[in-house]
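Below is one structure, written out as C-alpha cells; comments come after it.
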Amino acid sequence: MKVIITQAEAVEKGIWIDVMKMFGVYNEDEVWPNEEYILTEEQARKLGLIL
C-alpha cells in the first residue's frame, strides 16, 4: 500500500519535519502546499498515519 500526503497535510498533522527528512527536502528548497509525497506503508506507520 502507498500513502500520499501533501506538504500542507503534513504541516497540519505536525509531521512535516519528518517527511522532509525522509525525502531529503531542506528549508531552503521551494515547496508548494499541494506538493505530494508518496509514502510506503512502513513510512506511514512510522509517522503514525496508519495503524
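Below, each value reflects all heavy atoms present in this structure, side chains not excepted, and no hydrogens, waters or symmetry copies.
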W16 vs Q7, side-chain contact (heavy atoms from CB on, under 4.5 Å): CA-CA, chis, key distance, verdict: CA-CA 7 Å; W16 174 236; Q7 187 271 348; 3.5 Å; yes
Verdict with supporting geometry, E41 and V3, side-chain contact (heavy atoms from CB on, under 4.5 Å): CA-CA 7 Å; E41 186 174 348; V3 176; over 6 Å; no
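- Atom CD1 of I38 sits in a sparse spot, with 12 or fewer heavy atoms from other residues, nucleotides or ligands closer than 6.0 Å.
- Residues forming a side chain to side chain contact (heavy atoms under 4.5 Å, CB included) with Q43 (at least two apart in sequence, or on another chain): M22, L39, T40.
- Atom-to-atom distance recorded for M20:CE and D29:CG is 7.0 Å, nearest 0.5 angstrom.
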side-chain contact (heavy atoms from CB on, under 4.5 Å) between V31 and Y37, worked out: CA-CA 11 Å; V31 179; Y37 297 89; 3.6 Å; yes
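- Legend: residues meeting side-chain hydrogen bond (donor to acceptor under 3.5 Å, both in side chains) with E12, ordered by chain and number and at least two apart, are absent.
- Every residue two or more places apart in sequence or in another chain that forms a side chain to side chain contact (heavy atoms under 4.5 Å, CB included) with E36 is listed here: I4, T6.
- Here the CD1-CD distance, from I5 to E35, works out to 12.5 Å after rounding to the nearest 0.5 Å.
- Considering CG of L47 and CD1 of I15, their distance stands at 4.5 Å, rounded to 0.5 Å.
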